[in-house]
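Each residue takes its place number in the sequence, starting with 1. Because only heavy atoms are used, hydrogens play no part in the values below, and waters and symmetry mates are left out as well, while side chains stay in. The model shown is predicted, which means the values in this text are computed figures rather than measured ones.
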Amino acid sequence: MSEPAHHNGQCGCGAARFTVHGHPLLRAFCHCTICQVFNGAPYADITLFRGRDVVLPEQGQVEFSTYRPPPAARRGKCVDCGGPAVELLKLPLAGELVIIPSMNIADNSFVPDPALHIFYHRRVADIDDDLPKYQGYWRSQLEFSRRLLPALLYRGSGNRRG
């Protein structure tokens with residue numbers, strides 16, 4: 001399978017720009033309270049990529065914070081608009097992953113269909129869709145990992161649309 005073309009993305013104001021040149025690994029809806037605060041929304045719609053597949057925004061354009069200890073994702077907001085830009089997560093044996101709010105990827109056809117809801121017990125409102133919804137910390141982590149691992153092992157082309 002060939003590598004996809006470069007796909008551009010940016011924060012809401014366009015100041016924090018990045019380029020993706022690899023396949024998405026997984027898309028999920030996260031309802032944890034940290035994602036709610038970070039995204040200023042009832043849940044986060046996120047797409048994951050291998051770190052090596054994303055050229056991050058220029059240094060100084062994104063301010064990173066860690067909201068809690070492990071898994072300790074470094075969540076980055078644009079210094080201009082304060083909107084979510086990218087998140088960085090290092091996992092044992094998986095290396096660095098980049099988490100991008102799905103809305104920040106310019107080409108919507110490049111974003112895979114969502115696979116699941118996690119931390120659904122923290123939801124602000126019920127979501128009426130057919131996706132599996134996992135509640136509780138360990139169950140959410142387990143199901144998320146169970147879907148991410150095959151994508152990491154098999155290049156993560158996912159179930160892309162089109």
**OP:** Please report the C-alpha distance between L131 and F29 in whole Å, then the side-chain angles of each, then the deciding distance to 0.1 Å, and finally whether the side chain to side chain contact (heavy atoms under 4.5 Å, CB included) criterion is met.
**Re:** CA-CA 10 Å; L131 296 176; F29 297 134; 3.6 Å; yes
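- Atoms CD and CG, from Q141 and L148 in turn, are 10.5 Å apart once rounded to the nearest 0.5 Å.
- Between the side chain of K77 and the backbone N or O of F38, at least one donor-acceptor pair lies under 3.5 Å.
- Separating the CG atom in L149 from the CG atom in L26 is a distance of 11.5 Å, to the nearest 0.5 Å.
- Side chains of R74 and L89 form no contact here, defined as non-hydrogen atoms less than 4.5 Å apart.
- Applying the 6.0 Å contact sphere to CD of E96 captures more than 12 heavy atoms from other residues, nucleotides or ligands.
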**OP:** Kindly indicate, with the supporting measurements, whether the criterion side chain to side chain contact (heavy atoms under 4.5 Å, CB included) is fulfilled by L142 and Y134.
**Re:** CA-CA 9 Å; L142 176 66; Y134 297 100; over 6 Å; no
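- Between the CZ atom of F110 and the NE2 atom of H23 there is a distance of 7.5 Å, given to the nearest 0.5 Å.
- Heavy atoms of other residues, nucleotides or ligands lying less than 6.0 angstrom from CD of E58 number 12 at most.
- From T19, atom OG1 reaches atom CG of D53 across 12.0 Å, with rounding to the nearest 0.5 Å.
- Taken to the nearest 0.5 Å, the CG atom of N104 stands 12.5 Å off from the CG atom of N8.
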Would you give me the side-chain donor-acceptor pairs under 3.5 Å for residues 78-88, sequence neighbours excluded?
from: D80; atom 1: OD2; to: Q61; atom 2: NE2; distance (Å): 3.4
from: E87; atom 1: OE1; to: R75; atom 2: NH1; distance (Å): 2.8

Subject >> Verdict with supporting geometry, I127 and H117, side chain to side chain contact (heavy atoms under 4.5 Å, CB included) >> reply: CA-CA 9 Å; I127 306 297; H117 291 266; 3.6 Å; yes
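- Side-chain contact between K133 and D129 is present, with heavy atoms from C-beta onward closer than 4.5 Å.
- Under the 4.5 Å side-chain contact rule for hydrophobic residues, L56 and V62 share a cluster.
- For H31 and Y120, the gap between ring centers is short of 6.0 Å.
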Return all side-chain donor-acceptor pairs below 3.5 angstrom for residues 39-48, not counting sequence neighbours, or 'none' if the list is empty.
from: N39; atom 1: ND2; to: C35; atom 2: O; distance (Å): 3.0
from: D45; atom 1: OD1; to: R27; atom 2: NE; distance (Å): 2.8
from: D45; atom 1: OD1; to: R27; atom 2: NH2; distance (Å): 3.4
from: D45; atom 1: OD1; to: S102; atom 2: OG; distance (Å): 2.7
from: D45; atom 1: OD2; to: R27; atom 2: NH2; distance (Å): 2.6
from: T47; atom 1: OG1; to: S102; atom 2: OG; distance (Å): 2.7

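- Distance alone, capped at 3.5 Å, places no donor-acceptor pair between the S140 side chain and the I118 backbone.
- There is a path of hydrophobic side-chain contacts, each under 4.5 Å, that joins L152 to F144.
- The minimum heavy-atom distance linking Q36 with V124 is given by the pair OE1-CG2, 3.5 Å.
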Subject >> Derivation and outcome, side chain to side chain contact (heavy atoms under 4.5 Å, CB included), residues H21 and V55 >> reply: CA-CA 8 Å; H21 56 83; V55 178; 4.2 Å; yes
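- Across all non-hydrogen atoms, the minimal contact from V98 to G51 is CG2-CA, 3.7 Å.
- Expressed to the nearest 0.5 Å, how far CZ of R123 lies from SG of C30 amounts to 13.5 Å.
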